[in-house]
Amino acid sequence: MISPLTGIVVDCGSGHTAITCYSQTATIKQTDKTWLSHLVDKGNLPLTDIIPGSAGEAFQSSTLLGRLGEFMDSLDHSLKTMEMSSRDILFVGATGGVRAAIEEDRMSAADVDAIREAFVERFSPSFTMVRFEVLTGSQEATWEHVAAQTIWGGRVGTMFPTPASNSAEGIDIGLFSGGGKSMQLGRRDSCLSFPFSTFPRELEERQGAHPDAWLDVEKWDRFETALAEKIKAEAALHTPFTGAFVGTAMNHRAAKYSEIDETPISAAEAVSKLRASLPLFRKRTGELYEKMMATRSPDSTYPMARIVAMHTCRLLLVLENMFEADAQLYFAKHGLDEDGKEIECEWTVGAMYDMANEIRAKNAVHVPEVLCTQRKHELTDRVSEWYSPGAQPLHFEASLTSDERKFVHALCEARGDVMSSKSEGKGADRHVVVYDKPVEEGVVRGVAEARRGILSKRVDDWMAAGVQDPLHFEPNLTTAEREFVHSLAAKNNLGSKSEGLIYHGDDWHIVIRVK
């Protein structure tokens, strides 16, 4: 029998911080949830508010670490109100908002390290495991996909009772979630993140905009046009998505107020419904708008109409440009655990699974494996016989023991000038893969080979021309492409920085200079 582990997973999102308590054995249960708020004004408290000069003004301190201390005070206060049978895990994960702050140079690597150290120092006396991480978009999508499989896996036939969803492609329930700064799409074969932000500076109250700025037609058009351009640029890099997907988070919220949630619907049908409701939300009129506003607390300052309108706009643009018309969708906030109690589909579910498994692995009695000489020769011969320039990746069986995996990795490291290795896959399918060339340092996953070649050639041509003027890239680069360009600059001993008039706005772009 597996003894239960209790964990707190803190989701530091773009506009809020959510705290969820889980109990995990062979299955997982959500036992409690709350949201972090400023101790002074009780408003939402995203982690990015600790950045000096940000929109978060309800702090006594003016420094990042001082504000972080107040953030942790608020977290500690909230934790004391939650019921926990034990304190095994505290995992604090930062997502799109912090990723954007790092990309925009508002938060440095040193800041992230300081935040990590502060969390560990503050909470280690209270929890067995304490960890802080800035999640990559791919990691966020992967954990959300785990959550979808945990909650809805095996129900594809009842959730999507159409012939298309019962095909081989539809057996795996994909995950399609929306946050404030990004959207995630997780499937068995790939987990992707897209930088489709709904935080344009000139429409965002927390960044100084008037609460009714979004009603200005010109400002709204600028937001929608810039968003559409980013979505179309990403769409050009992918085959249209098909199959069955659960829509969660802000995608669910947009669907809910357009009354297309909790029922199977095709992408084409969803686009039609969303397109009909968007003008009502923007004009603040009609039955759908009135129903939506009736759910808002009378004393709430939450800009519900603007938020829902922006997420409705984003959702219909993504479905229209990136999904096949017959792709099947089911928008839901939560499912039910084995006891029939609600469990929300968030990346926090996948994180809890991984952290719990890590604790159990550390507590397990480890019996050292002895790798005999003959087995070492067999593995060495297999790699040697496989290797030739241009060879397809060599996939080892998932059944390799821990010591056998380590030996293969060490073998490739010793031959690092011509080959490399990494572990791929999840769970029982995780295995070692060997490649015929070293992994280039700094290359970012998520950028297609052809696109990497185009970006690399542009930098190479600029360097070959001996031009001293800075090289400016277009603002519509994806997050992965921006990271790749930064890595190109570092590789060639060049300076790179994101610049522009507004953070993450139409003019925000990368500039490369000679140091």
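These values consider heavy atoms only, across backbone and side chains, with no hydrogens, waters or symmetry-generated copies. All residue numbers refer to positions in the sequence shown, counting from 1.
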List the atom pairs, with distances to 0.1 Å, where a side-chain N or O of residues 312-321 and a protein N or O form a donor-acceptor pair under 3.5 Å, not counting sequence neighbours.
from, atom 1, to, atom 2, distance (Å)
Thr312, OG1, Val308, O, 2.7
Arg314, NH1, Gly179, O, 2.9
Arg314, NH1, Phe196, O, 2.6
Arg314, NH2, Gly179, O, 2.7
Arg314, NH2, His311, ND1, 3.1
Glu320, OE1, Arg275, NH2, 2.9
Glu320, OE2, Arg275, NH2, 2.7
Asn321, ND2, Leu317, O, 2.7

Considering residues at least two apart in sequence or located in another chain, which fulfil the salt bridge (charged side-chain N to carboxylate O under 4.0 Å, His left out) criterion with [X]?
X: Glu358; result: Arg131, Lys362
X: Glu474; result: Arg458
X: Glu140; result: Arg99

State, with a plain yes or no, whether a side-chain heavy atom of [X] is found less than 4.5 Å away from one of [Y].
X: Leu394; Y: Val433; value: no
X: Met419; Y: Asp436; value: no
X: Ile173; Y: Met159; value: yes

Acceptor/donor pairs from residues 7-19 side chains to any protein atom, 3.5 angstrom cut, sequence neighbours excluded:
from, atom 1, to, atom 2, distance (Å)
Asp11, OD1, Trp347, NE1, 3.2
Ser14, OG, Gly97, N, 3.3
Ser14, OG, Lys181, N, 3.3
Thr17, OG1, Leu45, O, 2.6

Tell me, please, which residues at least two apart from [X] pass side-chain hydrogen bond (donor to acceptor under 3.5 Å, both in side chains).
X: Asp111; result: Ser108
X: Thr6; result: Ser85, Ser86
X: Thr136; result: none

Only counting residues at least two apart or in another chain, list the ones meeting side-chain contact (heavy atoms from CB on, under 4.5 Å) with [X].
X: His472; result: Pro470, His509, Val511
X: Thr128; result: Asp88
X: Ala391; result: Trp386, Ser388
X: Thr20; result: Tyr22, Gln30, Lys33

- Evaluate side chain to side chain donor-acceptor pair (under 3.5 Å) for Ser266 paired with Glu269, printing each intermediate quantity in order. CA-CA 5 Å; Ser266 71; Glu269 293 171 321; 3.2 Å; yes
Centroid-centroid distance, [X] to [Y], less than 6.0 Å:
X: Phe323; Y: Phe176; value: yes
X: Phe473; Y: Trp462; value: no
X: Tyr330; Y: His252; value: no

- Gap separating the NE2 atom of His334 from the SG atom of Cys345, nearest 0.5 angstrom: 11.5 Å
- Task: Could you check Leu135, Thr348, Leu175 and say which one makes a side chain to side chain contact (heavy atoms under 4.5 Å, CB included) with Trp143?
- Result: Leu135
